[in-house]
Engineer: 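Let me begin by handing over the structure; questions about it come next.
Naming convention: chains lettered A, B, ... in sequence-line order (proteins, then strands); numbering from 1 in each chain. As the structure is a computational prediction, the values presented were derived from the model and not from experiment.
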Number of protein chains: 2
Amino acid sequence: MDTATDTLDKMAETFKLLGDRTRLAILGLLREKELCVCNIVDILHMSQPSISQHLRKMKAGGLVHERRQGKWTYYSLKVEDKPYIQQIVMEIPSQASKLKELDGPSLSTVSCD
Amino acid sequence: MDTATDTLDKMAETFKLLGDRTRLAILGLLREKELCVCNIVDILHMSQPSISQHLRKMKAGGLVHERRQGKWTYYSLKVEDKPYIQQIVMEIPSQASKLKELDGPSLSTVSCD
DNA sequence: TGATCATATAATGATATGCTAATATAAAGA
DNA sequence: TCTTTATATTAGCATATCATTATATGATCA
């Protein structure tokens with residue numbers, strides 16, 4: 001296996017991470033702001049283990065950064081050092097509307113498309 | 001499902017296509033020039049059905065264009081209309097060295113990394 | 001210390017993916 | 001027409017992936 005082969009495999013692994021609707025949605029959310037696991041669970045209406053596993057994979061793949069604070073684990077994008085990945089994350093349709101309730105008064109205003 | 005959801009799914013499908021080592025290699029080859037199936041089979045040392053199936057998927061996903069001429073089917077990139085995909089294809093490590101034998105005198109010079 | 005909250009991990013099952021082997025199609029030439 | 005060449009398609013199998021269920025860890029607080 002030469003260097004180009006290694007790079008090809010690494011690229012493929014990264015795109016596998018991006019080839020999932022839920023993970024793209026998470027990246028779209030993290031583009032707006034750092035979030036804890038429970039925020040993402042609430043917003044995407046998915047189970048906690050499922051979100052946790054997606055985040056673990058993306059962390060292993062170097063796409064997100066983890067920060068622990070008390071009971072919470074906060075995740076944020078880690079794409080500054082990866083120009084073409086950053087480009088891709090910018091292309092994800094905005095998830096900003098789903099973040100509204102985090103700033104607003106009530107969870108009852110969550111949009112459920 | 002809203003429009004953003006559709007787009008998210010489409011993006012995920014595209015990245016699934018890119019999340020395979022063989023398909024990335026094929027795209028890297030097609031970046032250099034249009035190729036027929038048998039060329040790709042020879043260069044990548046993979047079975048004809050496997051390559052054919054990968055090409056079919058990429059054609060379905062709109063990444064490549066098919067042109068039939070006589071016994072041969074030629075494939076080429078179809079990414080001009082997709083800026084961020086085009087960007088990605090440019091990032092694929094060069095496969096140009098593997099194309100040498102197509103211009104050179106003998107197949108015995110094929111590089112097999 | 002015991003209870004609760006936030007998150008992680010493990011086990012399981014269903015579906016998806018990629019390769020191979022075998023066969024089908026279709027064009028070109030003898 | 002028969003054969004060869006190039007490609008496509010199908011079926012089968014092994015592995016990978018994703019969601020769920022159940023359980024574990026670890027921090028906070030009464």
Side-chain angles (χ1 to χ4, degrees), chain A residues 5 8-27 29-30 33-61 63-76 101-102 107 112, chain B residues 5 8-30 33-61 63-76 101-102 107:
Chain A
T5 300
L8 217 55
D9 284 333
K10 268 187 192 163
M11 284 188 78
E13 285 311 306
T14 300
F15 289 127
K16 265 180 207 167
L17 287 175
L18 297 173
D20 179 275
R21 191 206 131 68
T22 301
R23 285 192 290 265
L24 284 181
I26 292 173
L27 292 174
L29 288 167
L30 296 183
K33 58 183 291 192
E34 180 187 56
L35 293 169
C36 68
V37 180
C38 62
N39 288 153
I40 301 172
V41 167
D42 288 346
I43 294 168
L44 297 185
H45 309 297
M46 294 187 60
S47 74
Q48 179 269 317
S50 184
I51 296 299
S52 184
Q53 284 161 12
H54 282 302
L55 288 167
R56 180 169 51 165
K57 284 183 188 179
M58 289 199 284
K59 185 189 162 199
L63 293 182
V64 301
H65 173 253
E66 178 189 294
R67 177 175 70 86
R68 301 205 173 194
Q69 181 180 310
K71 288 189 293 187
W72 296 272
T73 309
Y74 291 91
Y75 286 90
S76 54
E101 79 273 13
L102 294 177
L107 277 166
C112 311
Chain B
T5 300
L8 218 54
D9 284 333
K10 267 186 192 163
M11 285 188 78
E13 286 310 307
T14 300
F15 288 127
K16 264 179 208 166
L17 288 175
L18 297 174
D20 179 274
R21 191 204 131 69
T22 301
R23 285 192 290 266
L24 284 181
I26 293 173
L27 293 174
L29 288 168
L30 296 182
K33 58 183 290 192
E34 181 187 57
L35 293 170
C36 69
V37 180
C38 61
N39 288 154
I40 301 171
V41 167
D42 289 345
I43 294 168
L44 296 185
H45 309 297
M46 292 186 60
S47 74
Q48 178 270 318
S50 184
I51 297 299
S52 185
Q53 284 161 12
H54 282 301
L55 287 167
R56 180 171 51 165
K57 284 184 187 178
M58 289 200 285
K59 185 189 163 201
L63 294 182
V64 301
H65 173 253
E66 177 190 295
R67 178 175 70 86
R68 302 205 174 195
Q69 181 180 310
K71 289 189 293 185
W72 295 274
T73 310
Y74 290 92
Y75 286 91
S76 55
E101 79 273 13
L102 294 178
L107 277 165

Engineer: D:dA8 C1' sits how many Å from B:Glu66 CD, rounded?
Structural biologist: 10 Å
Engineer: Go through the N and O atoms of the side chain of B:Gln53 and the base of C:dT20, and report whether any donor-acceptor pair is under 3.5 Å.
Structural biologist: yes
Engineer: Under 4.0 Å between a side-chain N/O of B:Ser47 and OP1 or OP2 of C:dC19, yes or no?
Structural biologist: no
Engineer: Hey, which sits more toward the 5' end of DNA chain C by its nearest nucleotide, B:Lys57 or A:Tyr74?
Structural biologist: A:Tyr74
Engineer: Once hydrogens and angles are ignored, does a donor-acceptor distance under 3.5 Å link the base of C:dA8 to the side chain of A:Gln48?
Structural biologist: yes
Engineer: Nearest whole Å is fine: how far is C:dT7 C1' from A:Arg67 CZ?
Structural biologist: 15 Å
Engineer: Between the side chains of B:Lys10 and B:Glu13, is the shortest nitrogen-to-carboxylate-oxygen separation below 4.0 Å, so that they form an ion pair?
Structural biologist: no
Engineer: Figure out the CD1/P separation between B:Ile51 and D:dT9, and round it to whole Å.
Structural biologist: 15 Å
Engineer: If you assign A:Arg68 and A:Pro49 each to the DNA chain D nucleotide with the nearest heavy atom, which residue ends up on the more 5' nucleotide?
Structural biologist: A:Pro49
Engineer: Check the distance between D:dT7's P and B:Trp72's CH2 and give it to me in whole angstrom.
Structural biologist: 8 Å
Engineer: Taking OP1 and OP2 of C:dG18, is either one under 4.0 Å from a side-chain nitrogen or oxygen of B:Arg23?
Structural biologist: yes
Engineer: Does C:dA6 have OP1 or OP2 sitting under 4.0 Å from an N or O in the side chain of A:Tyr75?
Structural biologist: no
Engineer: Can you tell me how far CE of B:Met58 sits from CG of B:Leu30, rounded to the nearest 0.5 angstrom?
Structural biologist: 6.5 Å
Engineer: What's the spacing between B:Glu34 CD and B:Asn39 CG if we round to 0.5 Å?
Structural biologist: 10.0 Å
Engineer: Across the strands shown, which category fits B:Thr73 at heavy-atom distances under 4.0 angstrom: base, sugar-phosphate, nothing?
Structural biologist: sugar-phosphate
Engineer: Rounded to whole Å, how long is the line connecting atom NZ of A:Lys16 with atom C1' of D:dT15?
Structural biologist: 11 Å
Engineer: Between A:Gly70 and A:Glu13, which has a closest nucleotide on DNA chain D that is more 5'?
Structural biologist: A:Glu13
Engineer: Choosing from D:dA6, C:dT9, C:dC19, which nucleotide comes nearest the side chain of A:Ser52?
Structural biologist: C:dT9
